[in-house]
J.: 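The structure that follows is given in the form of structure tokens.
Just so you know, residue 1 is the first one in the sequence shown, and it goes up from there.
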Amino acid sequence: MAKKSMIAREVKRKKLAAQYGAQRAAIRQRVTDESLSYDDRWEAMIELQKLPRDSSKTRQRNRCALTGRPRGYFRRFGLARNALREVVMRGEAPGVVKASW
């Protein structure tokens, strides 16, 4: 089980990313728009840096829905490998079978 503070931090990051997502996209558009003057693009870059760091989507980390484990994460199931194995062995993951050859 991951530390509760780490899980809470990820929840905060998701909330901030949702809150500032549209604003960041608009500013990012101005930064990459080459038709604007250099000074306008520079001001947009500074404006982007003034937003909270955790509002950036790239700072988010995928975590297991059951345990909060950050590594060994399977996107398809939203679970870490350990939790996924337990769920599959109980037969709760539809369409997943144990390999046999």
Side-chain angles (χ1 to χ4, degrees):
M1 185 76 185
K3 289 168 56 174
K4 291 184 188 281
S5 61
M6 300 305 258
I7 295 171
R9 186 181 298 169
E10 287 302 319
V11 169
K12 177 185 172 187
R13 285 179 178 157
K14 281 187 179 183
K15 186 178 129 187
L16 281 172
Q19 182 180 352
Y20 287 97
Q23 189 176 355
R24 286 186 81 87
I27 296 172
R28 173 70 61 196
Q29 181 67 35
R30 288 188 2 229
V31 170
T32 57
D33 186 8
E34 293 185 13
S35 65
L36 294 176
S37 70
Y38 180 79
D39 292 333
D40 291 339
R41 291 172 62 193
W42 183 259
E43 287 176 20
M45 205 178 307
I46 299 298
E47 191 176 334
L48 188 64
Q49 290 174 357
K50 288 183 180 177
L51 293 176
R53 276 188 179 181
D54 284 342
S55 67
S56 175
K57 197 142 178 85
T58 58
R59 289 180 65 96
Q60 292 179 13
R61 179 91 165 136
N62 290 330
R63 288 187 175 269
C64 176
L66 297 178
T67 62
R69 180 181 168 87
R71 297 182 182 209
Y73 177 83
F74 285 81
R75 286 184 186 167
R76 182 174 177 184
F77 303 99
L79 299 171
R81 59 185 175 80
N82 310 20
L84 178 63
R85 182 177 185 275
E86 292 172 5
V87 168
V88 169
M89 290 300 174
R90 287 194 305 258
E92 296 174 0
V96 180
V97 292
K98 189 172 176 181
S100 169
W101 62 91

J.: Tell me whether Ile46 shares a hydrophobic cluster with Tyr38, the cluster being built from Ile, Leu, Val, Met, Phe, Trp, Tyr side chains joined at under 4.5 Å.
T.: yes
J.: Side chains of Ile27 and Leu51: does their closest heavy-atom pair fall under 4.5 Å?
T.: yes
J.: So, do Asp40 and Arg30 sit near enough that their side-chain heavy atoms are less than 4.5 Å apart?
T.: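 Asp40 does not reach Arg30 side chain to side chain.
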J.: If every non-hydrogen atom of Ala83 is compared with every non-hydrogen atom of Cys64, which pair is closest and at what distance?
T.: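 Shortest heavy-atom contact: CB-SG, 3.8 Å.
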J.: Nearest 0.5 Å, what's the CZ-CD distance between Arg24 and Gln29?
T.: 14.5 Å
J.: Assess whether atom CZ of Arg28 is packed by more than 12 heavy atoms of other residues, nucleotides or ligands within 6.0 Å.
T.: no
J.: Where is the tightest heavy-atom contact between Arg69 and Ala2, given as atom of each residue plus distance?
T.: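 Closest pair (atom of Arg69, atom of Ala2, distance): N-CB, 4.4 Å.
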J.: Give a yes or no on whether Val88 and Leu66 share a hydrophobic cluster (residues Ile, Leu, Val, Met, Phe, Trp, Tyr; joining criterion: side-chain heavy atoms under 4.5 Å apart).
T.: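 Both belong to a single hydrophobic cluster.
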J.: Within this structure, what is the NZ-CD distance for the pair Lys12 and Gln19, rounded to the nearest 0.5 Å?
T.: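 Between atom NZ of Lys12 and atom CD of Gln19 there are 11.0 Å.
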J.: Does atom CZ of Arg76 have more than 12 heavy-atom neighbours from other groups under 6.0 Å away?
T.: no
J.: For residues Val31 and Leu36: do they belong to one hydrophobic cluster (side chain heavy atoms under 4.5 Å, members Ile, Leu, Val, Met, Phe, Trp, Tyr)?
T.: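 Val31 does not cluster with Leu36.
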J.: Report yes if the side chains of Lys4 and Ile7 come closer than 4.5 Å at any heavy-atom pair, otherwise no.
T.: no
J.: Do Arg61 and Met6 make a side-chain contact, defined as non-hydrogen atoms from C-beta onward lying under 4.5 Å apart?
T.: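 No, too far: nothing below the 4.5 Å cut-off.
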J.: Would you please test Lys50 and Glu47 for salt bridge (charged side-chain N to carboxylate O under 4.0 Å, His left out) and show each step?
T.: CA-CA 5 Å; Lys50 288 183 180 177; Glu47 191 176 334; over 6 Å; no
J.: Indicate yes or no: at least one non-hydrogen side-chain atom of Met89 is less than 4.5 angstrom from one of Lys98.
T.: yes
J.: Can you see which heavy atom on Trp101 is nearest to which on Ala99, and at what distance?
T.: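 Scanning both residues completely, I find the closest heavy atoms to be CZ3-CB, 3.4 Å.
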J.: Within this structure, what is the OG-CZ distance for the pair Ser35 and Arg41, rounded to the nearest 0.5 Å?
T.: 9.0 Å
J.: Could you go through the side-chain contact (heavy atoms from CB on, under 4.5 Å) check for Phe74 and Arg81 one step at a time?
T.: CA-CA 7 Å; Phe74 285 81; Arg81 59 185 175 80; 3.8 Å; yes
J.: Is the closest side-chain heavy-atom distance between Val87 and Leu79 below 4.5 Å?
T.: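 SC-SC contact between Val87 and Leu79 confirmed.
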J.: Glu86 vs Glu92, test: side-chain contact (heavy atoms from CB on, under 4.5 Å). Steps then yes/no.
T.: CA-CA 9 Å; Glu86 292 172 5; Glu92 296 174 0; over 6 Å; no
J.: Under the criterion side-chain contact (heavy atoms from CB on, under 4.5 Å), I'd like the reasoning laid out for Phe77 against Val96: C-alpha separation, chi angles, the key distance, then a yes or no.
T.: CA-CA 11 Å; Phe77 303 99; Val96 180; 3.6 Å; yes
J.: Measuring from atom CG of Leu48 to atom CD of Gln23, what distance do you get when rounded to the nearest 0.5 angstrom?
T.: 9.5 Å
J.: From Gln60 CD over to Arg13 CZ, what is the distance, rounded to the nearest 0.5 angstrom?
T.: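 If I round to the nearest 0.5 Å, the distance is 8.5 Å.
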